[in-house]
Peer 1: 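My structure is below; once you've seen it, I'll send some questions.
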2 protein chains.
Amino acid sequence: MKLSEAKAQFIQTWGSLATQWGINKTMAQIHALLLITPNPLSQDDLMEELSISRGNANMNIRELIDWGLVDRVIIPGERKEFFLAEKDIWKVSRQIIKERKKRELEPLNKVLEQLQEVEGDKRNAEVKAFTETIGNIRKFVSQTDKSLDTLIKADENWFWGSLIKMIK
Amino acid sequence: MKLSEAKAQFIQTWGSLATQWGINKTMAQIHALLLITPNPLSQDDLMEELSISRGNANMNIRELIDWGLVDRVIIPGERKEFFLAEKDIWKVSRQIIKERKKRELEPLNKVLEQLQEVEGDKRNAEVKAFTETIGNIRKFVSQTDKSLDTLIKADENWFWGSLIKMIK
DNA sequence: TAGTAGTTTCAATAAGTACTGAAAGCTTAG
DNA sequence: CTAAGCTTTCAGTACTTATTGAAACTACTA
């Protein structure tokens, strides 16, 4: 397989995988391209390689920066801005976990807290089932939350090491 | 808060959360409703509670059964089919992980394997960056894959226990 | 300070995805 | 066998989300 083909397939695969996870396709494709490119790229480079419009490129680059996955880079002598992605996949995944946790798990926790306070007779089967399920989800969410915190703080080797020890 | 309000909010929250994860809103809402309902519900019950059409209900119930999250139940004397959700959140999450792993991680692995075999001079910076990144992603994916296998097989208490030990 | 290179915004539009409802297909009971 | 009750399918439509592209904006440079 030629490099150009392989690159294209990687970008396309990454994009469609992202779609299944509620992430914008273009955002994932820009990220993929930056991941496999050693040097920083300009917005125009991205537009050309991915055949996307200026607006689309701009919006998704900004989003990637916001997620902490891409950095703006100034190249001396150049007036344009360039962009560079963090290449360490472990760091990338920790960053994604961190952001999704903040944006989703924490708000969910708040909602569940409120839902726990339902009025009504606890001997009523419907009320009981509801509070029990919500309670269990809350427990699960808070345990997940804690575990992810550990994972985010963890050093790569330490984490996999511990996990392998768990597996025995 | 009244039970009916709380139920409605839970269903709505679950639905919008699902959307962010690439899961159909209706599917998540049906699941949410079944989760908090102690007794089995018929398709008509679901249609009414969620104000959705017959086709929509049918399609998403089938999908939930396919994911292993909901079971068809026969109630003696009734001609209709009824549906019941697994209530143990730990089992539910393991099931979801199992399915997504099968549907996404395994195909990704296959693609990455192929991409690793790029022709070209390894001293070329572009080729080098590409093979390195793909190699790292592959390592990451296969480690994740193994860890998730462990998690899927794990007994709840054992798993959280080990994780807590890790945290110290 | 005007001109130029580069960046950002956003209304219009396109693309993608989900939902409806009616019709066709089953299955069971009489 | 056939009518009633229930389930499944799917073409058309509605809804949601992503993308374009041109105009407005910003910042540098001479």
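A, B, ... follow the sequence lines: proteins, then strands. Residue 1 opens every chain. All values reported here derive from a predicted model rather than from experimental measurement.
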Peer 1: For B/Asn24, answer base if it contacts any base atom (sugar-phosphate contacts may also be present), sugar-phosphate if it contacts only those atoms, and nothing otherwise; contact means non-hydrogen atoms under 4.0 Å.
Peer 2: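 It contacts sugar-phosphate atoms only.
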
Peer 1: Given D/dC6, C/dT7, D/dT19, identify the nucleotide with an atom nearest to the side chain of A/Lys80.
Peer 2: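 For A/Lys80, the side-chain atoms sit closest to C/dT7.
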
Peer 1: Working to the nearest 0.5 angstrom, can you tell me the gap between B/Glu86 CD and B/Asp71 CG?
Peer 2: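 These two atoms lie 8.0 Å from each other.
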
Peer 1: Does A/Asn56 put a side-chain nitrogen or oxygen below 4.0 Å from OP1 or OP2 of D/dA18?
Peer 2: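 A/Asn56 to D/dA18 OP1/OP2: no side-chain N or O under 4.0 Å.
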
Peer 1: Please report the interatomic distance CD1(A/Ile23) to CD(A/Glu63), rounded to the nearest 0.5 Å.
Peer 2: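 A/Ile23 atom CD1 to A/Glu63 atom CD measures 10.0 Å (nearest 0.5 Å).
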
Peer 1: Select from A/Arg79 and A/Gly55 the residue whose nearest nucleotide in DNA chain D is closer to the 5' end of that strand.
Peer 2: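 That would be A/Gly55.
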
Peer 1: If I take atom CD in residue A/Glu78 and atom C1' in nucleotide D/dC28, what distance separates them, rounded to the nearest angstrom?
Peer 2: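 Between C1' of D/dC28 and CD of A/Glu78: 15 Å.
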
Peer 1: Can you check the B/Ile52 CD1 to D/dC15 P distance for me, whole Å?
Peer 2: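 Checked: the CD1 to P distance equals 16 Å.
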
Peer 1: Does the distance from a Lys or Arg side-chain N to an Asp or Glu carboxylate O, for B/Glu106 and B/Lys110, drop under 4.0 Å?
Peer 2: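 Here B/Glu106 does not pair with B/Lys110 in a salt bridge, since their nearest N and O are not under 4.0 Å apart.
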
Peer 1: Kindly say if A/Thr19 contacts the phosphate of C/dG16, meaning a side-chain N or O under 4.0 Å from OP1 or OP2.
Peer 2: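 False: A/Thr19 side-chain N/O out of range (4.0 Å or more) of C/dG16 OP1/OP2.
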
Peer 1: Give the rounded distance in Å between these two atoms: CE of B/Met47 and P of D/dT7.
Peer 2: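 The answer, rounded to whole Å, is 10 Å.
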
Peer 1: Quick check for you: to the nearest 0.5 Å, what is the distance between B/Ile30 atom CD1 and B/Leu41 atom CG?
Peer 2: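 Spacing of CD1 (B/Ile30) from CG (B/Leu41) equals 10.5 Å.
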
Peer 1: What is the distance, rounded to the nearest whole Å, between atom CZ of A/Arg54 and atom P of C/dG6?
Peer 2: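 Nearest whole value for this atom pair: 9 Å.
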
Peer 1: Nearest whole angstrom, please: distance from the P of C/dG16 to the CD of A/Gln20.
Peer 2: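 Distance, rounded to whole Å: 15 Å.
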
Peer 1: Between atom CE in B/Met59 and atom P in C/dA18, what is the gap in whole Å?
Peer 2: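 B/Met59 atom CE is separated from C/dA18 atom P by 10 Å.
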
Peer 1: Which is true for A/Arg62 with a 4.0 Å heavy-atom rule: it touches a base, it touches only sugar-phosphate, or it touches nothing?
Peer 2: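 Contact class for A/Arg62: sugar-phosphate only.
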
Peer 1: Could you tell me how far apart A/Gln43 (CD) and D/dT26 (C1') are, to the nearest whole angstrom?
Peer 2: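 The answer, rounded to whole Å, is 14 Å.
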
Peer 1: Would you mind reading off the distance between B/Ile23 atom CD1 and C/dT17 atom P, rounded to a whole angstrom?
Peer 2: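 Rounded to whole Å, this separation is 15 Å.
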
Peer 1: Side-chain N or O of B/Asn58 less than 4.0 angstrom from OP1 or OP2 on D/dT7?
Peer 2: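 False: B/Asn58 side-chain N/O out of range (4.0 Å or more) of D/dT7 OP1/OP2.
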
Peer 1: Checking all strands, does A/Glu81 fall into the base, sugar-phosphate, or nothing category for heavy-atom contacts under 4.0 angstrom?
Peer 2: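 Sugar-phosphate contact only.
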
Peer 1: Is there a side-chain contact between B/Val70 and B/Leu84, using heavy atoms and a 4.5 Å cut-off?
Peer 2: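 A side-chain contact under 4.5 Å is absent here.
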
